Amino acid sequence: MKLALNTFLFFNLAGIIRSMNYLHNIGAYFLMIKQIFRKPTKWSVMKRLIFNEIDDLIIGSLGIVAFISFFVGGVVTIQTALNLTSPIIPKTLVGFATRQSVILEFAPTFISIIMAGKVGSFITSTIGTMRVTEQIDALEVMGINAINYLVFPKFIALMLYPFVISIAMFLGIVGGLAACYFGGFVSIEDYIIGVQMDFIPFHITYAFIKTIVFAFLIATIPSFYGFYMRGGALEVGKASTTSFVWTSVMIILSNYILTQLLLSV
Amino acid sequence: MIEVKDLHKSFGGAHILKGISTTFEKGKTSLVIGQSGSGKTVFLKCLLGLFSPEEGTISYDGKIYSELSGDQKSDLRAEMGMVFQGSALFDSMTILENVMFPLRMFTKQSKSEMQERANFVLKRVNLAEDDHNKFPSEASGGMQKRVAIARAIVNKPNYLFCDEPNSGLDPKTAMVIDNLIQEITEEYNITTIINSHDMNSVMEIGQKIVFLKDGLKEWEGSRDNVFKTDNEAVTDFVYSSELFKKVRQMYLEERV
């Protein structure tokens, strides 16, 4: 009985401590967000940092995004075509289904999860390494707002993320077209008619609203885990993994909330 | 001059600094020594404003840090230079860019003026011009330390802080770095504080020595009287190496 009570108390206490840690992290995250916009770095320096981040985070991601989008678009088309076997379903539906999947979910959400891994772990490991090697301390000793100096350029660079997602949308649909051409599942005419069918412009707006929210999460959550990490090289690796997990969780959660808010009217 | 009065700092339940009071004079090289865990780094980080002490005051030429506004604190920090234990050079920048960084952040100088000043201080720390465009990862440990010193002094600071500046260096390079710091301190008349547990540094450049033990100031004095003191904690620390034991023996024999 006593053992059971002790075990119960131990697990409850561990749960409370863990919850306190989560609350502390959430509070620290929002304080960091506030700090991003305070005491800005000199514009001549910041301008250069922003261009560097655009190069690293946006331009550097185009290759992998293009590759994945093209082939996943093709796979979506093949899967749809192979599953629509009923003769009463028009073949134009393949193009329609590909367009809807790519614009609504694949490009904004799936690519964002990939970016959380690629860009997010890059952000956490670079900031984390700067923390470990005292480079962040060096900035703070000089009286520089290290959060503004390090996170703000990443935040601004990732505001160009919708540009990456529009490329992903375009290449996803082109990938479907290529699959039709090379696989012969549907005629190209039917596919193009399907792509143009019942187009709702608000779906593009919805996708870009999601993209902006995801860009904010991809810029800030990995920065938080990098900036506040403690320890050495091993902890940098652990922080990168944790940041990827939490960025993905937050992308999925905000995707659900935004979809409910924007499309279920 | 930096004046520290009754400085206390804790982390959670651990009381690290337990009321340290001392002064560091302008134009002199002061060393804070003590064993690992004695509170040297926390003390230095309090002086740098990276940690806020719970009690006590630190004044920089009469300006009490805790009473300054945010902007005044930033202005004061721009007057500080710091040489970190691991050099803390920005690895995305070349050596020249690292040294130009404080000028780029805090001055309105043109690029050529900044370059001229950076070249001047790099020359002062004896770094060849061929090395200016190297990245920190391509530089040796001694070279990185010299770049860190150059970056710390490029904006003409009033206060220079060094955290174990010669750790990981061979004895000859360590001596070169020690002498360089002392020369710069005297040449620019700045207040220099060095954290160290290297007795060679103490003997080379320790114009004032503050010995910390368990978060308290155990002893202070000059390098001339560090060998003469009867303080047991200091003698234990100083004579932990065989070389210094022999030096003390010679000193005592000479006295007899």
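Note that these values count all heavy atoms, side chains included, but never hydrogens, waters or copies made by symmetry. Being a predicted model, the structure only gives us computed values, none of them experimental. Quick note on labels: first sequence line is chain A, next is B, and so on, each numbered from 1.
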>> Does any backbone or side-chain atom of Lys45(B) lie under 4.5 Å from a heavy atom of chain A? Answer side chain, backbone, both or neither.
In response: side chain

> In terms of heavy-atom proximity below 4.5 Å to chain A, should Leu76(B) be classed as side chain, backbone, both, or neither?
Replying inline: neither

> Is the CD atom of Gln207(B) crowded by more than 12 outside heavy atoms at less than 6.0 Å?
Replying inline: yes

>> Ignoring hydrogens, what is the shortest heavy-atom contact between Gly143(A) and Ser74(B)? Give both atom names and the distance.
In response: O-OG, 4.1 Å

>> Tell me whether the count of non-hydrogen atoms from other residues, nucleotides or ligands lying under 6.0 Å of CZ in Phe170(A) goes above 12.
In response: no

>> Are there over 12 heavy-atom neighbours, none belonging to Tyr256(A), within less than 6.0 Å of that residue's OH?
In response: no

> Of the backbone (N, CA, C, O) and the side chain (C-beta and beyond), which part of Asp71(B) lies under 4.5 Å from a heavy atom of chain A, both, or neither?
Replying inline: neither

>> Using side-chain heavy atoms (C-beta onward) and a distance below 4.5 Å, is Phe106(B) in contact with Lys42(A)?
In response: no

> Is the number of heavy atoms from other residues, nucleotides or ligands under 6.0 Å of Phe37(A) CZ greater than 12?
Replying inline: yes

> Just checking heavy atoms, which of residues 133-141 of chain A are less than 4.5 Å from chain B?
Replying inline: Thr133(A), Glu134(A), Gln135(A), Asp137(A), Ala138(A), Leu139(A), Glu140(A), Val141(A)

> Counting only heavy atoms not in Lys9(B), do more than 12 fall under 6.0 Å of its NZ?
Replying inline: yes

> Should the heavy atoms of other residues, nucleotides or ligands under 6.0 Å from NZ of Lys26(B) be counted, would the total exceed 12?
Replying inline: yes

> Please, which pairs that meet ring pair (Phe, Tyr, Trp, His ring centres under 6.0 Å) have at least one residue in residues 116-154 of chain A, sequence neighbours excluded?
Replying inline: Tyr149(A)-Phe101(B)

> Which one, Thr41(A), Asn145(A), Ile144(A), Thr126(A), leads in non-hydrogen pairs under 4.5 Å with chain B?
Replying inline: Ile144(A)

> More than 12 foreign heavy atoms under 6.0 Å from CD of Glu113(B): is that the case here?
Replying inline: yes

> Does NZ in Lys5(B) sit with more than 12 non-hydrogen atoms of other residues, nucleotides or ligands closer than 6.0 Å?
Replying inline: no

> Which bit of Arg38(A) is near chain B, if near means a heavy-atom gap under 4.5 Å: side chain, backbone, both or neither?
Replying inline: neither

